[in-house]
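Structure record follows, encoded as structure tokens.
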Amino acid sequence: MKHKKDRKVKNINALLIAVVAVICIGVAAFAGMTIVNTDNLATYTDEIYQRPYSVNNAAWKLRTQLLFTRNTMLNLLAGDEFPESRAAELGVMYEIRDDLPLLEETLRSQYEGNSETVEQLIADVNELLSLHDRCIQLIRDGKQEEAKTLLYETAYPLYLRADSNVREITDYIGTEIDNYVERANQLNEKTNMMALAWGSILIALAIMVSAASVHAIAKRNEDIFHNNALFSIISENVDDVFMIYDLLEDRVEYISDNAERILGISAESYKNNVWIARAYLDDETFQRLANGFREPNLGEIRQDEYIMTDPKTGHEKELSSRRYPIAENGRVTKFVFVTSDLTEENRAQNMLRSALERAENANIAKREFLSRMSHEIRTPMNAMTGTIRTMEYDLADPEKMREHLRKLNMSTMHLLDLINDILDMSKIESGKMKIEEREFSLNAMLSEITDIMQPKAEESRQAFDVLQKNVTCDMVKGDNTRIKQVLLNFLSNAIKFTPERGKIRMSVEEMDRRGNQVCLKFEVRDTGIGMHEEFLEHLFEPFEQEQSATYRKYGGTGLGMALSKTLVESMGGEIEVESVPDMGSVFAFSLWLEIADAGGISIKISEEIKNLHVLIVEDDEEMREHLKLQCSQLGVDATAAASGVDAVRLVKDAGETFDLCLIDLYMPDVDGIHTAEWIRSEAGKETHIVLMSAYDHKNIEQEALAAGVDDFLTKPVMRADIYRILQRLSGEISASANEAREEENYDFTGKRLLIAEDNELNMEVARELCEHVGFTVECAYNGKEAVEKFAASGPGYYDAILMDVHMPVMNGNEAARAIREMKRSDAHSVAIIAMTANAFYEDAAEAIRSGMNEHLAKPIEPEAIFAALYKFLYDKKSRL
């Protein structure tokens with residue numbers, strides 16, 4: 001590009017030298033030619049004195065911009081609120097303000113009339129700009145009437161005065177222009193008179209003028225070259241494409257070289273075919289842009305925003321094109337187009353807008369959460385305080401006191417559940433949630449869940465079943481605490497949102513197996529109120545519930561589903577949800593778990609139990625297979641019947657006697673009581689008959705016993721339930737011994753316990769509880785006091801220490817380390833159990849590292865404390 005420009009400059013210089021030579025040869029004819037050239041001098045003179053025209057043009061441009069601004073403000077006041085559709089006009093209005101300083105400078109520096117008129121005009125314009133900004137803000141604030149008053153009463157007189165001043169300036173300029181023309185004509189006449197006289201002088205000066213011209217033109221060409229280079233650098237490095245379109249010749253006269261980078265189409269392609277972008281625009285956009293070429297209005301700046309597909313990447317680009325008309329002799333002959341790529345800018349604005357919306361939604365959600373939590377926490381607290389006050393009036397009535405204590409315990413557990421949910425969410429957000437890998441029994445976990453949820457389902461008069469489908473392993477490795485937590489969340493919601501007589505079924509199904517890895521699908525299905533499809537997208541967002549009425553009716557924090565989703569994903573699974581309003585919901589997730597102990601079961605089965613034969617009578621096919629699977633895991637041979645009629649037929653046709661018969665109470669053909677009566681008459685007294693029911697069997701107990709039923713099981717029936725009955729049938733345990741185990745009576749008589757607790761009320765409660773089971777209790781109110789008491793005692797004086805973690809002077813972890821470091825025989829053998837409100841995994845790990853034997857999170861159930869103490873004081877295996 002640079003070499004090409006240099007060649008052009010050299011060619012021009014050579015041409016100028018030739019012109020000088022021609023002038024020297026034709027100097028004799030110069031006198032005659034001067035008369036013709038003087039006529040042109042008048043034209044040149046008119047061009048030389050263009051300053052009045054620049055002032056005139058500046059004044060009219062200023063007036064045009066004021067008219068455009070005034071019309072824009074009137075359009076904004078047409079509606080009752082801020083019209084977003086006028087945003088483009090506002091953008092143009094603000095853009096043209098950029099020209100005002102140049103126009104004002106032109107008027108000040110070049111206008112030779114009354115300067116006060118110019119200063120008054122500029123002051124009025126600046127005041128109008130300020131008034132416009134105030135009007136726009138009032139319109140945005142919805143204060144239409146104030147804006148109208150400001151525009152009509154304050155701004156309108158300024159419009160009129162500014163218009164008057166502009167006309168005064170233009171009238172003065174018109175007079176100046178006439179004077180310039182008159183002087184040019186006079187100069188033309190004088191030039192004709194002096195042409196002959198100056199002819200001889202011009203011959204002498206021709207060579208000098210030509211040489212000077214050559215130098216000036218060369219310098220001018222150099223400036224043009226540098227300007228073009230500067231423009232090329234700017235256009236190639238900004239995200240704006242500049243194009244000059246010749247309207248008369250229907251061609252692209254110029255387009256900046258960055259067109260290919262911005263638009264994906266080369267500049268040369270645009271020059272060859274101005275409509276080349278047609279293929280990358282939709283029909284409506286193309287027609288709109290094409291109409292802009294057919295409607296050229298003088299002085300109109302048009303802006304279009306549209307979407308164009310990038311020919312290279314195929315991605316959509318958001319473009320903005322501004323069209324500036326160029327007029328010649330009062331007619332638009334060319335357009336200057338400035339096309340900008342707004343894709344990244346709009347994307348950034350959208351991201352900021354989305355971030356703002358998310359932040360606002362989060363703030364709203366958190367406010368609602370705090371309101372809910374306030375209500376949720378106050379509800380059990382209110383029940384607790386009310387119950388305590390009521391207990392004062394019923395101290396002499398043991399039955400009422402037990403009922404009060406039951407309600408008090410329920411409220412306490414509800415409050416603890418709320419706190420645990422909040423703590424779990426806090427752990428997740430802070431990155432402290434840990435997923436552990438340990439062996440556990442699926443049956444044991446399902447039995448624990450059943451023990452927790454079955455009473456709640458029974459209280460709500462709902463049928464609750466637990467099934468295992470094709471599960472061939474029992475012992476697996478994973479985080480059973482988190483799996484159980486998710487399933488309890490699902491079941492709690494199912495019970496909460498399912499009406500009376502509804503059905504809830506939890507199942508575990510083996511989906512796949514690869515080596516020692518098994519894929520288990522956990523599912524909870526209910527017949528509750530269901531959810532609408534549009535809410536499912538927000539189901540797992542924190543603090544979300546489908547409707548505020550749902551919260552008011554059913555309660556809850558809105559954290560359970562968000563917490564469950566995070567836990568499942570942390571374990572490598574993904575939650576699946578299906579729901580239909582008024583028909584129910586299905587929540588499921590699948591996890592890959594490692595099979596432990598070659599897929600064995602968690603209990604040892606005696607040969608006596610394996611020799612027993614079980615008959616299952618159940619009309620539900622899935623439940624029938626579940627019970628068969630439970631028996632199979634116990635190594636027991638089981639036969640299943642789908643109805644009472646089939647069961648009696650099997651008893652008659654069987655070559656051997658069934659030792660145990662499990663019969664469902666509610667069956668469509670013959671109910672369980674009549675089935676039991678038939679089987680008893682056929683099998684005699686050798687068969688142990690158990691009646692299974694999802695509801696309370698008290699109302700049919702006498703009738704069932706009369707029909708020959710020996711025992712009752714409440715559904716869901718788990719492997720442990722069947723195992724206990726089989727143990728009794730095999731003689732391994734007696735019924736009385738089994739029942740005695742249901743309630744453990746602890747006796748620690750003769751044992752001495754040191755309790756370290758800084759809270760006096762907590763100390764008093766812990767002391768009374770421990771003394772109630774036989775402990776001799778001594779107290780320490782901080783860690784340092786506990787260490788001093790232990791150090792002052794003889795070896796073996798204290799059998800165990802209950803150690804609070806957060807205490808003044810010395811905390812529990814420091815105290816435990818100090819005790820373990822002592823040089824005495826019982827420093828490492830004394831049982832130290834942490835009692836703390838810190839429930840995080842890291843807190844438990846820190847307690848163990850400090851030398852404690854176990855970590856119990858407050859509030860602590862007395863049974864949990866006694867079980868831990870019993871394990872360390874009496875179960876010698878636990879201390880190895």
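Since the structure is predicted, the reported quantities are computational estimates derived from the model, not experimental observations. FYI, the numbering just counts along the sequence from 1.
Asp826 has a carboxylate O that lies under 4.0 Å from a charged side-chain N of Arg824, or vice versa, which qualifies the two as a salt bridge. A salt bridge links Lys871 with Glu854: the closest approach of a Lys/Arg side-chain nitrogen to an acidic carboxylate oxygen falls below 4.0 angstrom. In summary, Arg505 and Asp465 engage in a salt bridge, as defined by a charged side-chain N under 4.0 Å from a carboxylate O. Taking the charged nitrogens against the carboxylate oxygens, Arg817 and Glu814 have no contact shorter than 4.0 Å, which rules out a salt bridge. Ion pair Glu771/Arg767 flagged as a salt bridge, since at least one NZ, NE, NH1 or NH2 atom sits closer than 4.0 Å to an Asp/Glu carboxylate oxygen.
Judged purely by atom type and a 3.5 angstrom limit, His688 has no side-chain atom pairing as donor or acceptor with the backbone of Leu729. Between the side chain of Ser492 and the backbone N or O of Asn489 there is no donor-acceptor pair closer than 3.5 Å. When atom types are taken as modelled, the side chain of Lys789 and the backbone of Cys779 share a donor-acceptor pair closer than 3.5 angstrom.
Closest approach of Ser730 to Ile609, counting heavy atoms only: OG-CG1, 3.6 Å. Of all heavy-atom pairs spanning Phe464 and Leu491, the tightest one is CE1-CD2, 3.7 Å. Closest heavy-atom contact between Ser460 and Glu500: O-CG, 3.3 Å. Here the shortest heavy-atom pairing between Gln630 and Met718 reads OE1-C, 4.0 Å. Annotation for Leu753 and Ala800: closest pair CD1-O, 3.4 Å, computed over non-hydrogen atoms. Looking at every heavy atom in both residues, Leu713 comes nearest to Asp721 through CD2-CB, 4.0 Å.
For Phe866 and Tyr870, the ring centers are positioned 6.0 Å apart or more.
At a threshold of 4.5 Å between non-hydrogen side-chain atoms, the residues Ile801 and Met852 do not count as touching. Within the 4.5 Å cutoff, the side chain of Ser693 has no heavy atoms near those of the Lys715 side chain. The shortest distance between side-chain heavy atoms of Asp526 and Phe497 does not fall below 4.5 Å. Using a 4.5 Å cut-off on side-chain heavy atoms (C-beta onward), His806 and Asn759 make no contact. Ile833 places none of its side-chain heavy atoms less than 4.5 Å from the side chain of Ile865. In this structure, Phe712 and Val690 have side chains that are not in contact, with every pair of non-hydrogen atoms separated by 4.5 Å or more.
Rounding to the nearest 0.5 angstrom, the gap separating the CE atom in Met506 from the CG atom in Leu488 is 8.0 Å. Between the CD1 atom in Ile483 and the OG atom in Ser564 there is a gap of 12.5 Å [rounded to 0.5 Å]. Note that CD of Glu437 is 7.5 Å distant from CG of Leu593, once rounded to the nearest 0.5 Å. With rounding to the nearest 0.5 angstrom, the OH atom of Tyr781 is 10.5 Å from the CG atom of Asp758. The distance from atom SG of Cys770 to atom NZ of Lys751, rounded to the nearest 0.5 Å, is 14.5 Å. Note that CE of Met835 and CG of Asp804 are 6.0 Å apart. Values are rounded to the nearest 0.5 Å.
Between Phe587 and Phe490, the two ring planes are tilted [angle within 30° to 60°].
Considering Ile504, Leu487, Ile495 as possible partners of Met453, the one that fulfils the side chain to side chain contact (heavy atoms under 4.5 Å, CB included) test is Ile495. Each of Gln468, Arg719, Met692 was evaluated against Leu627; a single residue qualifies, Met692, per the side chain to side chain contact (heavy atoms under 4.5 Å, CB included) test.
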Evaluation steps, side chain to side chain donor-acceptor pair (under 3.5 Å), between Asn443 and Ser441: CA-CA 5 Å; Asn443 277 281; Ser441 166; 4.9 Å; no
Can Arg724 and Gln727 be said to form a side chain to side chain donor-acceptor pair (under 3.5 Å), step by step? CA-CA 5 Å; Arg724 281 195 296 271; Gln727 282 184 303; over 6 Å; no
Report the C-alpha separation of Tyr723 and Gln633 in whole Å, then their side-chain angles, then the decisive distance to 0.1 Å, and conclude whether the side chain to side chain donor-acceptor pair (under 3.5 Å) test is met. CA-CA 10 Å; Tyr723 182 53; Gln633 291 181 351; over 6 Å; no
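A 6.0 Å sphere centred on CZ of Arg461 holds no more than 12 heavy atoms belonging to other residues, nucleotides or ligands.
A cation-pi arrangement is present between Arg752 and Tyr797, with the terminal nitrogen or guanidinium carbon under 6.0 Å from the aromatic centre and inside a 45° cone about the axis.
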